[in-house]
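In what follows, chains carry the letters A, B, and so on, assigned in the order in which the sequence lines appear, proteins first and then strands, with residues in each chain numbered from 1.
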Amino acid sequence: MRASRFLTKTLRQDPGEAESASHRLMLRAGMMTQVAAGVYAYLPLALRSIHKIEQIVREEMDAAGGQEVRMPALHPIEVWAETGRDAAMGDTLFHLHDRRGRELVLAPTHEEVITAVVRANVESYRDLPLLLYQIQTKFRDEPRPRAGLLRGREFDMKDAYSFDTGAEALDTAYQRVREAYRNIFRRCGLPTIEVEADSGAIGGKESHEFIVQAETGEDTVLLSPGGYAANVERATSIPPRAPEGEPLAMEAVDTPGVTTIAALSAFLGVPEAQTLKAVFYAADGEMVLVTIRGDIEVNEVKLRNHLHARELRLATAEESAAAGLTPGYASPVGLSGIQRIGDPTIQQGANFVAGANRPDQHLRNVNYPRDFEVDAIVDVATAQAGDEAPDGTGPLEAVRGIEVGHIFKLGTFYTRTLGAEYTDEEGKLNAIVMGCYGIGITRVLAAAIEQNHDERGVIFPAPIAPFQVHLIALNADNPEVSAQAEALYEELGASGHEVFFDDRVESAGVKFNDADLLGFPVRVVVSPRNLKSGVVEIKRRRDADPTQVAPDAVERTVAGLLAKDDL
RNA sequence: CGGGGUGUGGCGCAGCACGGUAGCGCGCCUGCUUUGGGAGCAGGAGGCCCCCGGUUCGAGUCCGGGCACCCCGACCA
């Protein structure tokens, strides 16, 4: 491709609206254009990269035994109503109506449809196992699209679905895909951390996320020195112990205007770990009181999973008051008539300070279960960096990251609900056991740039670079330079390299800066100066200094450098 | 949905408090010069100032109402 004929130009200044590195650089490099919030036009550079990522994904999924399919983006609402996920997805679903007034949605994912396909095509255990995958645009009306391709409303995703006869076969499929994912991310130049993940309301038992470490990421994961790794949504920990002691008599204490744990701790001179907080939630309209140690935050994902709640939110002041709670002084002591959940942290330690359920008073020496009851003890604690890891190997460390892949063991929820069954060896009908496996294709591109750039621009991992070689002709209007550059362009192209040829009549600085910004792996420079010395200059984007080679050694040298970057 | 911010040539911004018919840098076009890290000089093109309404002799600027986009949070299989 000749730069002089290329659609896009680079921007000299950072676009004002982009914060994260990938968003900023993709706009500056002319890879994409924004059309609406979270919606982008992919221009040639981005598309070439996306095609390469897709190709890697196809190769690895095929190697894992996958078969590619293509699903509709337009779904009748009934498909979603059958599994109840129209309600579960809520406003995230894009709704539309056809000319007959029939309601349709734009597919945010495809479990329902693929299950229907399998139902129509699978009858016997002899037809299993199956691993089907699709690479398609998905639509989600995200509450807040952000950071360019990191969270869009229209984005490309590879989804794979496994169908097996039982749990054991599912394990095999799960491991096989997991292995494929490791290959995919490695080949995309993306070191990932595999973490235990929350599987969500309708997810199954086991689930892992592939996380690319990045400050701009939306996920927090906790890591132990011994290899424990989990998303904070799911992570467990061993929190610092609360002070112990003989239970003393419970007594009220005046605490005027003291409504936060921090203030309470300071006011009474009691460690936060010796306080209890009572948090009031509305779960699908039902009130739930959670009691947990004061220094620990409630993990709402764990709570939601326990309650099987669709919508979980903090109760409003009115709702709290109606249930007999005093904001700032809420307490599990003496409370009944609503669902009460206690975190295990209330079972260790003694003589806690808790609210008194009346203004300006707390209770000292509150002990569980002597002074209050709960309906269930459930781990709803948010693990924190610094807590002892559950594997006992040391303190947990927190890192931010981008979720580029997620694998789930779904089980039989969809197949039972939608009637996807098979006949086993004994002639009995069973629900097919399902797994699902996603990779955010466009997010992989953004994540790759987040992780591979410097202050000058992108540094593309070679396997997903839009072009392999950036050929620059300095003084392109010089006939000898032009002749040699044209010859090299021809030769490199004929040897199978994808060459971006900067044949523009522009100053050296402009061309070098553009090359650094676009970040293709190998740069080749033809110039009058080099010509005079009988050499051509070659440099990897990641390296500081160029090497000089004879013109007839260019192709060989380029191939050698690219091989170094082959992942 | 809560909080904050921004909408002015292709891009980045100023102008708005104090109303008088739009400006700077970059980019773009033409010519000459220059030529290894975002060149110089000269000339030039390009703007429903987000939209609708109001106030006013007159609105980019004041008032009211919308819309869009960005950031933080909530949310998010």
Rounded off to whole Å, could you give me the CG-to-P distance for the A/Asp454 and B/G37 pair?
-> 18 Å

Atom CZ of A/Arg151 to atom P of B/C76: distance rounded to whole Å?
-> 10 Å

Separation between the C1' atoms of B/C24 and B/C67, rounded to whole Å | 29 Å

In whole angstrom, give me the gap between the P atoms of B/G15 and B/C71.
-> 24 Å

For the base of B/C76, is there a side-chain donor-acceptor partner from A/Arg144 under 3.5 Å away?
-> no

Atom CD of A/Glu19 and atom P of B/G12: how far apart are they, to the nearest Å?
-> 13 Å

Is B/G43 paired to anything, Watson-Crick or G-U wobble with both distances less than 3.5 Å, and if yes, which nucleotide?
-> B/C29

Between the side-chain atoms of A/Arg28 and the base atoms of B/G38, is any donor-acceptor pair under 3.5 Å?
-> yes

Does A/Glu506 make a side-chain donor-acceptor contact with the base of B/G38, cut-off 3.5 Å?
-> no

Between B/U55 and B/G12 - P atom distance, rounded Å = 35 Å

Side chain of A/Glu300 - closest among B/C75, B/G37, B/G36 = B/C75

Would you call the rings of A/His23 and A/Tyr40 parallel, tilted or perpendicular if under 30° counts as parallel and over 60° as perpendicular?
-> perpendicular

Can you tell me, in whole Å, how much space there is between the C1' of B/C76 and that of B/C63?
-> 39 Å

Can you tell me, in whole Å, how much space there is between the C1' of B/G23 and that of B/C70?
-> 25 Å

Whole-Å P distance, B/G46 and B/G10 = 12 Å

Distance, rounded to the nearest Å, where A/Arg541 contributes CZ and B/G37 contributes C1' = 13 Å

Given B/U35, B/A39, B/C76, the nucleotide with the shortest approach to the side chain of A/Glu142 | B/C76

Looking at every strand, decide which applies to A/Arg523 at a 4.0 Å heavy-atom threshold: base, sugar-phosphate, or nothing.
-> base

Checking B/C76, B/C72, B/G37 against the side chain of A/Arg146 (C-beta onward), the nearest is B/C72

Integer-rounded Å distance: B/U35 C1' and A/Arg504 CZ = 15 Å

Closest heavy-atom pair, A/Leu190 versus A/Ala448, reported as atoms and distance to 0.1 Å, is CD2-CA, 3.6 Å

Would you say a side-chain N or O of A/Arg140 is under 4.0 Å from OP1 or OP2 of B/C75?
-> no

Out of B/G38, B/C70, B/C11, which nucleotide sits closest to the side chain of A/Leu11?
-> B/C11

Within the modelled atom types, does a donor on one side and an acceptor on the other bring the side chain of A/Asp14 and the base of B/G12 under 3.5 Å apart?
-> no

Nearest-nucleotide pick for A/Val510, side chain only, options being B/U35, B/G37, B/G38 = B/G38

If each of A/Asp514 and A/Pro15 is mapped to the nucleotide of RNA chain B with the nearest heavy atom, which maps nearer the 5' terminus, i.e. the 5' end?
-> A/Pro15

So which nucleotide does B/U56 pair with, by the Watson-Crick or G-U wobble rule with both distances under 3.5 Å?
-> none

Same-atom distance (C1') from B/U61 to B/G7, integer angstrom = 15 Å

Assigned partner base of B/C67, Watson-Crick or wobble definition, under 3.5 Å = B/G7

Of A/Ala147 and A/Glu112, the one whose nearest nucleotide on RNA chain B sits closer to the 5' end is A/Ala147

Can any side-chain N or O of A/Asn530 pair as donor or acceptor with the backbone N or O of A/Val526 at less than 3.5 Å?
-> no

Can you say whether the rings of A/Tyr174 and A/His208 are parallel (under 30°), tilted (30 to 60°) or perpendicular (over 60°)?
-> tilted

When we call it a touch if two heavy atoms are under 4.0 Å apart, what does A/Asp516 touch: a base, just sugar-phosphate, or nothing?
-> base

Is the closest side-chain heavy-atom distance between A/Gln136 and A/Met71 below 4.5 Å?
-> yes

Passing option when A/Gln134 is tested against A/Arg70, A/His110, A/Glu68 for side chain to side chain donor-acceptor pair (under 3.5 Å) | A/His110

Please report, rounded to the nearest Å, how far the P atom of B/G36 is from the CD1 atom of A/Ile538.
-> 21 Å

Taking the side chain of A/Ser507 as heavy atoms from C-beta outward, which of B/A39, B/G37, B/U35 is closest to it?
-> B/A39

When A/Lys511, A/His470, A/Arg456 are each screened for side chain to side chain donor-acceptor pair (under 3.5 Å) with A/Asp516, the one that passes is A/Arg456

Paired with B/G12 by Watson-Crick or G-U wobble geometry, both distances under 3.5 Å: which nucleotide is it?
-> B/C24

Can you find a donor-acceptor N/O pair under 3.5 angstrom joining the side chain of A/Asn530 to the base of B/G36?
-> yes

Which nucleotide in B/C75, B/C11, B/G27 has an atom nearest any side-chain atom of A/Arg12 | B/G27

Taking any strand in view, what nucleotide pairs with B/U34 in a Watson-Crick or G-U wobble way, both distances under 3.5 Å?
-> none

Round to a whole Å and report the spacing from CG of A/Leu531 to P of B/U35.
-> 17 Å

Name the one of A/Gln451, A/His453, A/Glu450 that satisfies side chain to side chain donor-acceptor pair (under 3.5 Å) with A/Ser22?
-> A/Glu450

Can you tell me the pairing partner of B/A74 across any strand shown, Watson-Crick or G-U wobble, with both distances under 3.5 angstrom?
-> none

Rounded to whole angstrom, note down the C1' distance from B/U21 over to B/G5.
-> 29 Å

Write down the distance between CD (A/Gln13) and C1' (B/G9), rounded to a whole number of angstrom.
-> 14 Å

Heavy atoms under 4.0 Å, any strand shown: does A/Gln34 hit a base, just sugar-phosphate, or nothing?
-> sugar-phosphate

What pair of heavy atoms forms the shortest contact from A/Gly411 to A/Leu170, and how long is it?
-> N-CD2, 4.5 Å

Pair assignment for B/C49, Watson-Crick or G-U wobble, requiring both distances under 3.5 Å | none

Side-chain atoms of A/Ala37 come closest, of B/U35, B/C69, B/G38, to B/C69

